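Remarks on the structure that follows.
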Amino acid sequence: MSADHRICDPLDVATIKADFPILARQVHGRRLVYLDSAASSQKPRQVLDAMQDFSVTSYANVHRGVYSIAVEADEGFEAARDAVARFIGAPSSRSVVFTKNVTEAINLVAHSWGRSNLGAGDSILLTEMEHHANIVPWLMLAEEKGFEIRYLPVADDHTLDLTDLDRLIDGVKLVSVTAMSNVLGTLNPIERLAAAAHAAGALILVDAAQWVPHLPTDVVAWDADFVGFTGHKLLGPSGIGVLWAREELLEAMPAFLGGGAMIRDVRLDGWTPNEIPWKFEAGTPPITEAVGLHAAIDYLTGLGMEAVRKHEVALTGYALRTLNERFGDDITIHGPSEPAQRGGVLSLAFRDVHPHDLSQILDQHGVCVRAGHHCAKPLMRRLGVGATARASLYVYNDESDVDALADALEATSTFFG
Amino acid sequence: MSADHRICDPLDVATIKADFPILARQVHGRRLVYLDSAASSQKPRQVLDAMQDFSVTSYANVHRGVYSIAVEADEGFEAARDAVARFIGAPSSRSVVFTKNVTEAINLVAHSWGRSNLGAGDSILLTEMEHHANIVPWLMLAEEKGFEIRYLPVADDHTLDLTDLDRLIDGVKLVSVTAMSNVLGTLNPIERLAAAAHAAGALILVDAAQWVPHLPTDVVAWDADFVGFTGHKLLGPSGIGVLWAREELLEAMPAFLGGGAMIRDVRLDGWTPNEIPWKFEAGTPPITEAVGLHAAIDYLTGLGMEAVRKHEVALTGYALRTLNERFGDDITIHGPSEPAQRGGVLSLAFRDVHPHDLSQILDQHGVCVRAGHHCAKPLMRRLGVGATARASLYVYNDESDVDALADALEATSTFFG
Amino acid sequence: MAGLEDLYREIILDHYRSPRNRGALEVPPAVRSEGFNPLCGDEITVYLAVADGVVEDVKIEAQGCSISQSSASMLSMAVKGKPVDEVRDISRQFLAMMHTHESSLEGDDEQVAVDEKALGDLAALQGVVKFPPRIKCATLAWYTLGQGLDEAAGAAPT
Amino acid sequence: MAGLEDLYREIILDHYRSPRNRGALEVPPAVRSEGFNPLCGDEITVYLAVADGVVEDVKIEAQGCSISQSSASMLSMAVKGKPVDEVRDISRQFLAMMHTHESSLEGDDEQVAVDEKALGDLAALQGVVKFPPRIKCATLAWYTLGQGLDEAAGAAPT
Ligand SMILES: Cc1ncc(COP(=O)(O)O)c(C=O)c1O
Ligand SMILES: Cc1ncc(COP(=O)(O)O)c(C=O)c1O
């Protein structure tokens, strides 16, 4: 029934699917239809192999061991940093800090920059569509320091409501905003917000967890001050995230976690910090994970981030059309209605079936969607729902996956008629 | 020449070596002789396979997704927590927090427990043989809070000098001490220090990074309050560490990093924390790494930690005898002279060859030893050296590796005659 | 993994479609307790009117999935009019049934003998244990009830 | 990877065994700068006596490996008695030679033409670039020298 609007896809998804071993798996006798990449993506053979190869040939602790495999490990680790810098348009690798996830990246900024720059009488600006990772660190710090937290509201079309931007941004020291909502798919106008922040004398932190995996990223074009993202959402391994920040900021910020590698000297009565970026990398970093992230970046670069974006716009359009045509008023898809203004994250309300029940029934058909508040409870309250069922698309998804989702949705009527 | 003192080894090292693919590699035409496990250990096939299998069958984000592979991922992740609890004798898995490394584990205690319990007029007790990971977090917090840091000195036999323990421990709120020195191999009397700490009304944190991989661990027998260790030193992956703490402490401590999974509810103006241990696990945890750590624990449990310890005592004895017999006054091996009182960490001074040069030349013979201050600069100053060359032993090492080290040491005379 | 018929029994769906004892009670004299499932967003408020050691009335406000809603509805029927001791006993039995398969995080698998007769309709929720992530849906109302009972006990004139 | 003969040239070992210009100068008039290699523990102190735009004397206190020690010793010979401008030029040349292979962390591979004659003995350290972790050993003294020159410039009567 949807054959009439087959999309013109710049990616060869059949070939891509074959790169992802887990997609060959069956669930309840059906092929796995993985539609939960916004929570975490799957890894291609190329990433798994890179990590395995590294582990069986060049693994050692990093930080300038003298022997050959330690040199190779160091080179592998620092090459990953270089690859990250290139991937996001960072002017230098010195400004790329490896963390365990984007949550730690944001907490690092809160503890280091925030703790020394925010106090009573100050204020910061977040939005109502932030992930808890970009709310709770600020709530925690505000409890301690007594600054004010303001929120940009979400408009009824599920974009940011910028009507009151001038008033809300006036006097704030930081704007911290997601580049793409993990619930609505909304793409936020980062360049405009950065300009407004700078005009107001504020810095801007961009939570790019959902952006970097799906669209070309250029931190300089954004004119951002801090940008964080996470490896496991861009075909990479768990256990690694990235904080990029302008060099001058990193230079000026106090260290966060203390320990090995982040020091220049330690005495019983004091210590001095190492250079950036190592000043912010206490202890043994996620070494093999950095190598995996590098391979993931290479994989995506091989596909081309422009092509990845085009694929997702087309497939999101196909999904919106298919679901709306097949289910009409029985389905509500949150977020902007134009595919070009959003990412491939489809938060659904379907008849009166609760998202948990929806996800449970879809699973019987091999279809993986996440049900819950997606770590965005304030946004859920704004939407007036307790939870949504979220289907999210990535490079390994195609129309057949969307069709499988639609077919499985029909099947909910067995129990919830 | 050392054939006369072959050891009786409870481990079948030839079989174990075959489990570690990297040991089949050559360096400069020689077999790889890996003697840097104190920095990071290598991974057996079993660990690599477990991670790979998980990635290609059951990978998804954790935290109670409803669909099948998310359920499997959750089970894999939480089973790792259970395995950690059993491995260290923890009464419950609820008290096992996954971190990115032991450095983060100690920083977590400093930020959460320390920030709310230590102030001006307070004091804590460390030792002169701590790794920077157990010094710098306290120096950083002391700068902010103004408490006093005392140090237990290192005696001339390279054990802790407990002569003044009663005086030094009097009035402190925390004793934080390494179970085994990563430079000297010294095993510290944790049970005695825990008793003294508790008698003084203090808590005790044990940095067990070097202990857990090498000796049977029982946090209850220690009567410890906090115990940290790190996955990459016990045959597991990088990117994961563990903080264990008594449940009541974790319950009472404020959260550290804020974000997803560590919350019960989030509103625009406040939040409430989740139950332990998740309260301390903000963001996506090292999921596949937890599965790898579980496999590493299973591997070591299969060998038997008693057998691992016996193997290391015997091999350390062999190494001490071999090196002392072959090099006499030309070599100094730091640390206690009795193998039973130490781990298999041999920090060497050899003739007047600087440790860097030593490590460089040994590499030409395939022998990997680490040169430097080993993140223990205060201890280096106490020893009166700038650096040492450190050879460290693990389950995959045997006499042939020690002999290779000794042969390579001879070869330094080509350049440093 | 088990089939969905084990989860979505007819009686469960019936309680979901027509939840019993919906609403609120005046506080005080009633006590009010709130529960959250931190992972999925389910929320529940239990109102208890306890007098002379008896749960005289119970009302429930809730949003959540079929399992959490039906469990709350069944709870309200199972406890209304019962002595507090008996309510605690039913609760213990129900939670024991739910935890048979739960992650060993909860500690040792203490075996509480489950008396299916005492549980009545609630026994229908037994199928939930085969779907581990849903166990928290089924137990949410019960933990919230427990808090309410504790509070009522604290507030009671001695 | 290169053979060790590339690293341990005779002239390097000679400077290591008999380091030139060891010791300290009185501060002030001399300036004192300290460098650390955060990873291996090498430490160096450079004393510079600068007058009328000329490095009139230099002394070095250091602990470290053959590479860091010989580099410091050669440095002392190369700069003693030279005008500050010329010293800065030698330093630039030397660092350029060392960074040819260094991690791109240092930014773009700006190609400074290296004049081996100007470097003299120092050219022997070229082999170090084949051993990346040792580059920091060779450059430590030079970065420390740079700090000292800056300080001397700041302290100089204008
Ligand atoms: C005693 C000790 N403590 C702490 C650490 C730090 O471990 P990690 O770098 O994994 O945090 C190490 C190892 O480097 C160690 O040996
Ligand atoms: C927008 C956004 N920010 C932050 C996060 C947190 O990522 P992580 O759990 O890897 O720290 C996520 C994903 O969960 C996200 O979608």
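To find a chain, count down the sequence lines: A is the first, B the second, and so on, and within it residues start at 1. Since the structure is predicted, the reported quantities are computational estimates derived from the model, not experimental observations.
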Measuring heavy-atom distances to chain A, does B:V47 have an atom under 4.5 Å in its side chain, in its backbone, in both, or in neither? neither
Point-to-point distance, once rounded to the nearest 0.5 Å, from CZ of A:R150 to CG of B:L268: 14.5 Å
Atom pair CD (B:E104) and CD (A:E104), whose distance is rounded to the nearest 0.5 Å: 5.5 Å
So which part of B:E130 gets closer than 4.5 Å to some heavy atom of chain A, the side chain, the backbone, both or neither? neither
Locate the shortest heavy-atom distance separating A:M140 from B:G258; write the atom from each residue and the value. SD-CA, 3.6 Å
Between CE on residue A:M51 and CG on residue B:L48, distance to nearest 0.5 Å: 10.0 Å
Straight-line distance of A:I22 CD1 to B:I69 CD1, nearest 0.5 Å: 4.5 Å
In terms of heavy-atom pairs under 4.5 Å with chain A, the winner among B:T284, B:V369, B:L32, B:I287 is B:T284
Using a 4.5 Å cut-off on heavy atoms from C-beta on, say whether the side chain of A:E289 contacts that of B:K100. no
A:R25 and B:E72 ion-paired at < 4.0 Å: yes
Are any of the side-chain heavy atoms of A:V27 and B:Y67 separated by less than 4.5 Å? no
Any heavy-atom pair between the side chains of A:K43 and B:T288 that's under 4.5 Å? yes
When only pairs under 4.5 Å are counted, which of A:I240, A:L257, A:L362 shares the most heavy-atom pairs with chain B? A:L257
Find the distance between CD (B:E144) and OG (A:S116) and round it off to the nearest 0.5 Å. 10.0 Å
Do you know which of A:H131, A:R115, A:R45 has the most heavy-atom pairs under 4.5 Å to chain B? A:R115
Can you check whether B:V136 reaches A:I263 side chain to side chain, under 4.5 Å on heavy atoms? yes
Using heavy-atom distances under 4.5 Å, tell me whether A:V102 contacts chain B through its side chain, its backbone, both, or neither. neither
One should read off an interatomic distance between A:S55 OG and B:Q42 CD, to the nearest 0.5 angstrom, of 8.5 Å
Please rank B:G260, B:A255, B:C368 by heavy-atom pairs under 4.5 Å with chain A and give me the top one. B:C368
When only pairs under 4.5 Å are counted, which of A:P254, A:G270, A:S37, A:A261 shares the most heavy-atom pairs with chain B? A:G270
Relative to chain B, which segment of A:D269 carries a heavy atom at a distance below 4.5 Å: side chain, backbone, both, or neither? backbone
Quick check on the interface: out of A:G259, A:A290, A:A110, A:G372, who has the most heavy-atom pairs with chain B under 4.5 Å? A:G259
Interface residue of largest heavy-atom contact number with chain B, from A:C375, A:A39, A:G366, under 4.5 Å: A:A39
Among A:P378, A:P237, A:G239, A:A70, the residue with the most heavy-atom pairs under 4.5 Å to chain B is A:P378
Identify which part of A:V291 has an atom lying under 4.5 Å from any heavy atom of chain B, answering side chain, backbone, both or neither. neither
Go through the atoms of B:R267 and report whether side chain, backbone, both or neither lie under 4.5 Å from a heavy atom of chain A. both
State which residue, out of A:S238, A:S40, A:S41, fulfils the side chain to side chain donor-acceptor pair (under 3.5 Å) condition with B:Y59. A:S40
Please rank B:V266, B:T99, B:T103, B:N101 by heavy-atom pairs under 4.5 Å with chain A and give me the top one. B:V266
Who among B:I149, B:T230, B:D36, B:I135 has the most heavy-atom pairs with chain A under 4.5 Å? B:D36
Closest-packed option against chain A by number of heavy-atom pairs under 4.5 Å, given B:A371, B:A24, B:S359: B:S359
Honestly, the part of A:H356 sitting under 4.5 Å from a heavy atom of chain B is both
pair A:N61-B:R370: side-chain heavy atoms closer than 4.5 Å: yes
Mind telling me whether A:H111 and B:F256 have parallel, tilted or perpendicular rings, with 30° and 60° as the class edges? perpendicular
Specify which of B:M380, B:Q52, B:R381 makes the most heavy-atom pairs with chain A at under 4.5 Å. B:R381
